[in-house]
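Please read the structure below before turning to the comments.
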There are 2 protein chains.
Amino acid sequence: MNLENTKAQMRKGILEYCILALLSDKEAYASELIQTLKEARLLVVEGTIYPLLTRLKNDGLLNYRWEESTGGPPRKYYMITPLGKDFLKELAKTWVQLTQSVQKVTQTNQ
Amino acid sequence: MNLENTKAQMRKGILEYCILALLSDKEAYASELIQTLKEARLLVVEGTIYPLLTRLKNDGLLNYRWEESTGGPPRKYYMITPLGKDFLKELAKTWVQLTQSVQKVTQTNQ
DNA sequence: AAAAAGTACTATGCAATACATGGTACTGTT
DNA sequence: AACAGTACCATGTATTGCATAGTACTTTTT
């Protein structure tokens, strides 16, 4: 049992929600998302985010377009789809309910 | 991509926290924990909780004692250890930080 | 001009975990 | 004796975060 591992487990399933939320605000490419999440102390790495974006795109929650970069290779800018917005709404509800449940269960002690 | 699946993913890693929190309040056996979590709308099933309790026990965060039941087979009452309490404190911190991060990332939209 | 460094995307494999499923064992009721 | 209810346990599967390694393009350094 290791704390870092448990932290990683807690992050599971939340990334989808965070990424959809960020992209519902404005489109972005992968490295940009990593940077934003890092600033919010949500550590994410390339090996996590690229497969996740591909998954979300394959499921019709995201789309992307290529854009040339001033330096470096072209970027894939991801944007949320209407289906993605619907899904985001559900995830937001789920998240609120989950935090309430955890609150309820953990409040008795300390 | 399926909402129920994503909900399950969100629950991941939170169960450990919830169970330690419940057991820090008072000892309990598996079916009792399932019932309590159910009442908090945190759905858990046997196949999830038994391996989890065993894992926490093997890692020294929990202990148990057998107790005869008035009806049915004897029960394993689990209780938290000092190490478990330390771990719980860390998990509580982690959870607070995580919810803050999610808040930060998801607040811009809607 | 060639080499190095930086940026961005992609592919593969592993480990951890929630859950489905099926099974064992004990008690009390019919 | 058969059945239902309670409680615990074992095995296999799917999903997912992450480590690792690799490709491709551009700019800077030598």
Side-chain angles (χ1 to χ4, degrees), chain A residues 1-20 27-38 42-59 61-62 64-78 91 94 98 101, chain B residues 1-19 27-38 42-59 62 64-78 91 94 98 101:
Chain A
M1 185 72 46
N2 140 336
L3 192 60
E4 282 313 310
N5 183 19
T6 304
K7 284 187 186 181
Q9 287 300 324
M10 276 191 177
R11 274 200 295 272
K12 281 202 178 195
I14 292 172
L15 279 180
E16 260 175 38
Y17 175 38
C18 290
I19 286 174
L20 285 176
E27 58 179 36
Y29 62 102
S31 305
E32 207 177 348
L33 290 171
I34 291 177
Q35 191 56 34
T36 306
L37 291 170
K38 202 184 204 172
L42 278 170
L43 294 186
V44 189
V45 292
E46 289 193 329
T48 299
I49 211 166
Y50 283 105
L52 177 54
L53 288 172
T54 302
R55 212 161 59 233
L56 292 172
K57 187 252 161 189
N58 287 341
D59 289 326
L61 307 183
L62 298 181
Y64 68 81
R65 60 179 173 79
W66 284 101
E67 184 164 315
E68 294 300 317
S69 165
T70 54
R75 297 164 175 171
K76 255 188 184 176
Y77 276 84
Y78 283 91
L91 286 187
T94 302
L98 187 64
S101 296
Chain B
M1 184 74 42
N2 139 337
L3 191 60
E4 281 315 309
N5 184 18
T6 304
K7 284 187 184 181
Q9 288 300 324
M10 276 191 176
R11 276 199 295 272
K12 279 202 180 194
I14 291 173
L15 279 180
E16 262 176 37
Y17 175 37
C18 290
I19 285 174
E27 58 179 36
Y29 62 102
S31 305
E32 207 177 350
L33 290 170
I34 290 176
Q35 190 56 34
T36 306
L37 291 169
K38 201 184 203 171
L42 276 171
L43 294 185
V44 190
V45 292
E46 289 192 330
T48 299
I49 210 165
Y50 283 105
L52 177 54
L53 288 171
T54 302
R55 208 162 62 234
L56 292 172
K57 186 253 161 190
N58 287 340
D59 290 326
L62 297 180
Y64 69 80
R65 61 179 172 78
W66 284 101
E67 183 165 315
E68 295 299 318
S69 166
T70 53
R75 295 165 176 171
K76 254 188 185 173
Y77 276 84
Y78 283 91
L91 285 188
T94 302
L98 186 64
S101 295

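Numbers restart at 1 for each chain; the letters A, B, ... are given by sequence-line order, proteins then strands.
- Taking atom CD of residue B:Glu4 and atom C1' of nucleotide D:dT15, one finds them 15 Å apart after rounding to whole Å.
- To the nearest angstrom, P of D:dC25 lies 18 Å from CD of A:Glu67.
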- Query: Quick one: what's the B/S/- string for nucleotides 5-11 of chain D, heavy-atom cutoff under 4.0 Å, read 5' to 3'?
  - Reply: BBSBB--
- Query: Between B:Leu33 and B:Leu53, is a side chain to side chain contact (heavy atoms under 4.5 Å, CB included) present by the stated rule, with each step listed?
  - Reply: CA-CA 10 Å; B:Leu33 290 170; B:Leu53 288 171; 4.0 Å; yes
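- Of all non-hydrogen atoms in A:Ile34 and A:Val45, the two that sit nearest each other are CD1-C, 4.1 Å.
- Atom-to-atom, CD of B:Gln9 to C1' of D:dC18 comes out at 14 Å; the value is rounded to the nearest Å.
- Across all non-hydrogen atoms, the minimal contact from B:Gly72 to B:Ser69 is O-CB, 3.9 Å.
- Taking atom CD1 of residue A:Ile34 and atom P of nucleotide C:dG6, one finds them 17 Å apart after rounding to whole Å.
- Taking atom OH on A:Tyr17 and atom P on D:dG17, their separation rounds to 16 Å, with Å as the unit.
- Separating the CZ atom of A:Arg11 from the C1' atom of D:dG17 is a distance of 8 Å, rounded to the nearest angstrom.
- Summarising the geometry, the separation between CD1 on A:Ile49 and P on C:dC9 is reported as 10 Å, rounded to the nearest angstrom.
- Taking both residues in full, the closest heavy atoms of B:Gly13 and A:Thr6 are given as O-CG2, 4.3 Å, listed atom of the first, atom of the second, then distance.
- Phosphate contact (OP1/OP2 of C:dA18, side-chain N/O of B:Arg55, threshold under 4.0 Å): present.
- The two residues A:Pro74 and A:Trp66 have their closest heavy-atom pair at O-CZ3, 3.7 Å.
- The shortest non-hydrogen separation linking A:Met10 to B:Leu98 is O-CD2, 3.7 Å.
- Distance, A:Leu43 CG to D:dC18 P: 8 Å, rounded to whole Å.
- Regarding contacts with the backbone of D:dT16, a side-chain N or O of B:Asn5 is found under 4.0 angstrom from either OP1 or OP2.
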